[in-house]
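Note that the numbering runs from 1 along the sequence shown for the chain.
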Amino acid sequence: MTKNYVLYILLAFSFVSCKQNTSKTGDATTGATKWVDSLIYPEETHFKNIRQVTFGGDNAEAYWSFDDKQLVFQSNNKDWNVDCDQMFLMDADEIFKDKIPPMISTGKGRTTCAYFLPDNEHIIYASTHLGDDACPETPLRKNGKYIWPIYDTYDIFVADLEGNITAQLTHEVGYDAEPTVSPKGDKIVFTSTRNGDIDLYTMNLDGSDVKQITFELGYDGGAFFSPDGTKIIFRSSRPKTEEEIKEYKDLLAEGLVQPTEMELYICNADGSDLKQLTDLGNANWSPFFHPDGKKILFSSNFESPRGFPFNLYLIDIDGKNLERVTHSTTFDAFPVFSNDGKYLVFSSNRNNGGGHDTNLFIAEWQD
């Protein structure tokens, strides 16, 4: 399922945002980098500095270009003239308080999961615009339980940085989304329902040589390659009991999935040597490899009996040495390291004035 339903997560878990004291260094409207150390909680020792990038709406899934000079991200900020998630481009040192970044998706349908291609001049992303120009409806609950929609009109496209679609990579009936690119620059991993379940597939950058790499019943998604391209980390909900299996299949038949119980899995890039990495309970998701390739940074609410807050955690790829990284009282997720390993972009509810806005933050990382 798409990883961008931040607002729906907030509504589902009834997040209560905290207010923080902030000290702004200079004018955040100029576009220059402004570090604001008071946005870091005292326990967050991996953050040397931090700056807030966006200031309203739901902003998530920011991914770096291969040269770390730009990022692409999705937002539904109403002040940016969009009705649901669209893709926006930014330079790595920009801040958007009183200005609007350029939109590089079509502005039609709903989009998710943009990612740079190795040439730094194109992105891939999933969009529903071939199904309808309008934003698709977004159900939030089914039988009192929180759900995500699996839109069967999602396909994966290539676009240049002016927003022109240059290729369509998927044409199958059903959900094709959540594409990310190997740091080696040779493969894309994505999630699809083309076989009747929700599994992971890989393909070449031109959409050729499609191969299924996960096969167990359940939702497999949000996959990322390791820095050397040899492994893949992803989140999964794997129903086990007859009741769980029936509920999963019934929801899937309606184009829905329930994401409140997910664990992390790791495998080789071809799907071999599949292992469950976490067994923490609740929702463990948005995993990303640490630059050394030996750890995973991910978001989880496993320490939260009420379902919130979500915080970031590090864990070794063998499942050992779990470490809490952020100490928010609300929501931290979608962590992504720059390719040089110096910076981390993530989404958070910190410093949102007590509301539900989810903004992008970039932290200078230290081990």
Side-chain angles (χ1 to χ4, degrees), residues 1-11 52-65 70-92 94-96 99-117 122-129 131 133-136 138 148-151 153-163 165 175-181 188 190-191 221-224 235 259 285-286 288 299 331-336 344-349 352 356-362:
M1 178 53 227
T2 54
K3 305 182 285 295
N4 66 312
Y5 287 88
V6 181
L7 176 60
Y8 317 141
I9 294 172
L10 303 186
L11 292 173
Q52 186 169 346
V53 176
T54 61
F55 293 82
D58 295 310
N59 307 272
E61 296 199 76
Y63 299 114
W64 303 84
S65 57
Q70 294 181 296
L71 296 99
V72 61
F73 67 98
Q74 61 200 43
S75 179
N76 66 2
N77 191 333
K78 304 303 181 186
D79 293 337
W80 295 355
N81 303 311
V82 295
D83 294 322
C84 60
D85 290 316
Q86 296 293 332
M87 296 301 167
F88 294 86
L89 182 68
M90 62 171 282
D91 291 336
E94 284 191 286
I95 291 174
F96 301 99
K99 65 176 185 177
I100 302 174
M103 183 171 66
I104 56 173
S105 52
T106 64
K108 301 176 181 179
R110 182 187 296 276
T111 68
T112 190
C113 307
Y115 215 89
F116 271 92
L117 291 177
H122 293 83
I123 61 167
I124 54 172
Y125 69 96
S127 176
T128 65
H129 71 269
D133 286 355
C135 298
T138 307
W148 276 348
I150 303 286
Y151 299 120
T153 51
Y154 264 130
D155 274 301
I156 299 171
F157 301 86
V158 178
D160 63 26
L161 300 189
E162 300 297 321
I165 291 179
Y175 176 86
D176 289 308
E178 308 178 42
T180 64
V181 182
I188 295 169
F190 67 102
T191 297
F224 294 90
R235 62 174 181 247
W285 65 312
S286 65
F288 200 85
S299 180
F331 179 84
D332 291 328
F334 310 114
V336 179
L344 180 79
V345 62
F346 66 103
S347 295
S348 179
N349 292 149
N352 66 3
H356 286 310
D357 288 344
T358 302
N359 288 299
L360 297 180
F361 293 79
I362 294 178

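For the pair Asp85 (side chain) and Gln74 (backbone), a donor-acceptor distance under 3.5 Å is absent. Side chain of Asn359 to main chain of Asn349: no donor-acceptor pair is present (N/O by atom type, distance under 3.5 Å, no hydrogens or angles). Judged purely by atom type and a 3.5 angstrom limit, Gln86 has no side-chain atom pairing as donor or acceptor with the backbone of Ile104. The closest donor-acceptor contact from the side chain of Asn76 to the backbone of Asp58 lies under 3.5 Å. Judged by distance alone, with hydrogens and angles left aside, the side-chain atoms of Asp155 form no donor-acceptor pair with the main-chain N or O of Ala126 at under 3.5 Å. Judged purely by atom type and a 3.5 angstrom limit, Lys108 has no side-chain atom pairing as donor or acceptor with the backbone of Ala134.
In this structure Trp80 satisfies the ring-ring contact (aromatic ring centres under 6.0 Å, His included) test together with Phe88, sequence neighbours excluded. Applying the side-chain contact (heavy atoms from CB on, under 4.5 Å) criterion to Asp79, with sequence neighbours excluded, gives Asn77.
For the atom pair Phe334 CZ and Thr358 OG1, the distance stands at 8.0 Å (nearest 0.5 Å). Interatomic distance, Ile362 CD1 to Phe346 CZ, rounded to the nearest 0.5 Å: 10.0 Å. Interatomic distance, OG1 of Thr112 versus CD1 of Ile156, reported as 10.5 Å (0.5 Å rounding). Taking CD of Glu61 as the reference point, atom OG1 of Thr180 lies at 10.5 Å (rounded to 0.5 Å). Rounding to the nearest 0.5 angstrom, the gap separating the CG atom in Leu71 from the CG atom in Leu360 is 8.5 Å. To the nearest 0.5 angstrom, Leu89 atom CG is 9.0 Å from Glu162 atom CD.
Of all non-hydrogen atoms in Pro136 and Gly109, the two that sit nearest each other are CD-C, 4.4 Å.
Between Leu117 and Ile124 there is a side-chain heavy-atom pair separated by less than 4.5 Å. Looking at heavy atoms from C-beta onward, Phe73 lies in side-chain contact with Pro101 at the 4.5 angstrom threshold. At a threshold of 4.5 Å between non-hydrogen side-chain atoms, the residues Leu161 and Phe116 count as touching. In this structure, the side chains of Thr138 and Pro149 come closer than 4.5 Å at one or more pairs of heavy atoms. Residues Tyr125 and Ile165 form a side-chain contact, since some pair of their non-hydrogen atoms from C-beta on lies under 4.5 Å apart. Tyr175 places a side-chain heavy atom less than 4.5 Å from the side chain of Thr191. Residues Thr54 and Met90 have side chains not in contact (no heavy-atom distance under 4.5 Å, counting atoms from C-beta outward). Here the side chains of Phe190 and Tyr154 are not in contact, with every heavy-atom distance at 4.5 Å or above.
Ser348 and Asp332 share a side-chain donor-acceptor pair at under 3.5 Å.
The local environment of CG in Asp91 is crowded, with over 12 non-hydrogen atoms from other residues, nucleotides or ligands closer than 6.0 Å.
Ring geometry, Phe224 versus Phe288: the interplanar angle exceeds 60°, so the pair is classed perpendicular (tilted spans 30 to 60°).
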